[in-house]
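Here's the structure we're looking at; comments come further down.
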Amino acid sequence: MDRAALFAVAEATWPPENRIAEGPWVFRQSNGGGKRVTAASSDCDPDLDDIRLAEARMEAMGQQVLFTLSPDHRYDALLAESGYDLVDRTLLYHCPIAHLADRSVPLVTAFPIWPPLQLAKDIWADGGIGVDRVAVMERATCERTAILGRVNDRAGGVVYAGLHEGCVMIHALEISVSQRRFGLATSLMVAAAHWGAARGATDFSLLVTKQNEAANELYASLGMRAQDGYHYRIKP
């Protein structure tokens with residue numbers, strides 16, 4: 001899958017409340033839920049006047065002025081010159097789903113359940129993934145699931161998986177601090193691949209910030225390939 005198709009999967013599996021196309025921009029409006037569902041973007045070549053209009057539009061929406069863009073977008077330089085800081089360089093990982101689905105998951109380790117149990121929500125909340133982000137998962141219209149992980153005879157992790165156009169994308173992979181380094185993150189990813197493959201998916205993907213070294217090491221060790229995804233521009 002090319003990068004544009006994977007971005008479409010990201011939008012379908014982690015959607016904003018409202019998506020508004022206006023001029024060269026797409027505005028995303030949400031009541032919380034993080035940068036991805038509130039940032040403006042453009043696939044055109046907006047100039048400085050377009051940027052000023054976007055700033056006014058986001059302010060009128062009552063949202064932080066925030067842009068998301070790929071490294072190859074030319075208006076990135078205009079935003080930098082206007083005083084915007086670059087934050088959260090994000091990588092896009094992808095592999096054929098069979099690459100993970102061919103692996104086995106230990107018995108009684110992973111349980112796909114939708115809607116997510118309160119126990120799963122508690123694990124997310126302990127990791128800083130609160131009700132606003134759970135609401136993003138709940139409003140997605142794609143086929144989706146939460147997968148609750150068990151290790152050392154207790155619930156220890158959870159991941160959300162969505163399926164769009166033959167591709168599974170996982171989000172919100174969270175392992176309780178006391179249950180890390182027991183292989184549960186890998187088991188949850190493999191379980192998500194099994195879930196997607198059973199529904200005809202051919203691809204597996206995820207997004208992660210470049211600065212998350214532990215996560216990047218895990219995904220690379222599983223043979224997933226990374227490419228530049230996007231970053232944000234925000235005024236300090």
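Sparse packing is recorded around CG of Asp43, with 12 or fewer heavy atoms of other residues, nucleotides or ligands lying under 6.0 Å away. Counting non-hydrogen atoms of other residues, nucleotides and ligands closer than 6.0 Å to CZ of Arg180 gives a total above 12. Other residues, nucleotides and ligands contribute only 12 or fewer heavy atoms inside 6.0 Å of the NZ atom of Lys210. No more than 12 heavy-atom neighbours from other residues, nucleotides or ligands sit within 6.0 angstrom of CD on Glu213.
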Show the numbers, then the answer: is there a salt bridge (charged side-chain N to carboxylate O under 4.0 Å, His left out) between Lys35 and Asp88?
CA-CA 10 Å; Lys35 297 184 187 72; Asp88 291 349; 3.1 Å; yes

Run the numbers on Arg19 and Glu11 for salt bridge (charged side-chain N to carboxylate O under 4.0 Å, His left out), then give the verdict.
CA-CA 10 Å; Arg19 190 177 189 274; Glu11 188 96 343; 2.7 Å; yes

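Judged by distance alone, with hydrogens and angles left aside, the side-chain atoms of His99 form no donor-acceptor pair with the main-chain N or O of Pro96 at under 3.5 Å. Between the Asn216 side chain and the Asn212 main chain, a donor and an acceptor come within less than 3.5 Å of each other. Judged by distance alone, the side chain of Ser176 and the main-chain N or O of Ser178 form no donor-acceptor pair under 3.5 Å. Between the side chain of Thr13 and the backbone N or O of Val9 there is at least one donor-acceptor pair closer than 3.5 Å. Within the 3.5 Å criterion, the main-chain N or O of Ala40 finds no donor-acceptor partner in the side chain of Trp25. Judged purely by atom type and a 3.5 angstrom limit, Asp126 has no side-chain atom pairing as donor or acceptor with the backbone of Ile123. With Arg36 contributing its side chain and Pro15 its backbone, the two residues share no donor-acceptor pair below 3.5 Å. Looking only at distances, a side-chain donor or acceptor of Gln63 sits under 3.5 Å from a matching main-chain atom of Thr38. In terms of modelled atom types and a separation under 3.5 Å, the side chain of Thr209 and the main chain of Arg89 share no donor-acceptor contact. Ser30 places a side-chain N or O within donor-acceptor distance of the main-chain N or O of Val37, the cut-off being under 3.5 Å.
Taking all atoms of both residues into account, the shortest heavy-atom contact from Ala110 to Val105 is CB-CG1, 4.1 Å. Between Ser70 and Phe7, the shortest heavy-atom contact is OG-CE1, 3.8 Å. Minimum heavy-atom separation, Ala155 to Leu119: CB-CD2, 3.5 Å. Scanning all heavy atoms of the two residues, the minimum distance from Ala101 to Ala197 falls at CB-CB, 4.2 Å. Taking both residues in full, the closest heavy atoms of Thr68 and Tyr75 are given as O-OH, 3.7 Å, listed atom of the first, atom of the second, then distance. The two residues Trp14 and Gly33 come nearest to each other via the heavy atoms NE1-O, 3.9 Å.
The side-chain heavy atoms of Val168 and Glu143, taken from C-beta on, include no pair separated by under 4.5 Å. The closest side-chain heavy-atom distance from Thr109 to Val151 is not below 4.5 Å. By the 4.5 Å heavy-atom criterion applied to side chains, Phe111 and Ile147 are not counted as neighbours. At a threshold of 4.5 Å between non-hydrogen side-chain atoms, the residues Asp85 and Lys235 do not count as touching. Side-chain contact between Glu59 and Val65 is present, with heavy atoms from C-beta onward closer than 4.5 Å. Contact annotation: the side chain of Val159 never approaches that of His171 to less than 4.5 Å [non-hydrogen atoms, C-beta and beyond]. Contact annotation: the side chain of Leu78 never approaches that of Tyr84 to less than 4.5 Å [non-hydrogen atoms, C-beta and beyond]. Proximity of Leu69 to Leu79: side-chain heavy atoms (C-beta onward) are separated by under 4.5 Å at one or more points.
With rounding to the nearest 0.5 Å, the separation of SG in Cys95 from CE in Met224 is 4.0 Å. Residue Thr145 holds its OG1 atom at 6.0 Å from CH2 of Trp195, rounded to the nearest 0.5 Å. Once rounded to the nearest 0.5 Å, the distance linking CZ of Arg3 with OG of Ser205 reads 14.0 Å. Here the straight-line distance linking atom CE of Met169 with atom OH of Tyr160 works out to 10.5 Å at 0.5 Å rounding. Annotation: the span from Glu22 atom CD to Arg57 atom CZ amounts to 4.5 Å, rounded to 0.5 Å. The structure places OH of Tyr93 at 12.0 Å from CD1 of Ile170, a figure rounded to the nearest 0.5 Å.
At a threshold of 4.5 Å between side-chain heavy atoms, the hydrophobic network of Ile, Leu, Val, Met, Phe, Trp and Tyr places Leu188 and Ile97 in one connected group. No path of Ile, Leu, Val, Met, Phe, Trp and Tyr side chains, each step under 4.5 Å between heavy atoms, connects Leu173 with Ile129, placing them in separate hydrophobic clusters. In the hydrophobic clustering of ILVMFWY residues, with side-chain heavy atoms under 4.5 Å counting as a link, Leu6 and Leu91 come out apart.
Using modelled atom types, one finds a donor on one side chain and an acceptor on the other under 3.5 Å when comparing Asp76 with His231. A side-chain N or O of Arg28 and one of Ser41 form a donor-acceptor pair less than 3.5 Å apart. With 3.5 Å as the limit, one finds a donor-acceptor pair spanning the side chains of Gln179 and Asn152. Looking only at atom types and distance, the side chain of Asp203 has a donor-acceptor partner in the side chain of His94 under 3.5 Å away.
Ion pair Glu138/Arg133 not flagged as a salt bridge, since none of the NZ, NE, NH1 or NH2 atoms sits closer than 4.0 Å to an Asp/Glu carboxylate oxygen.
Aromatic rings of Phe67 and Tyr232 (six-membered ring for Trp) have centroids beyond the 6.0 Å cut-off, not under it.
Checked against side chain to side chain contact (heavy atoms under 4.5 Å, CB included), Glu217 has no partners two or more places apart in sequence or in another chain.
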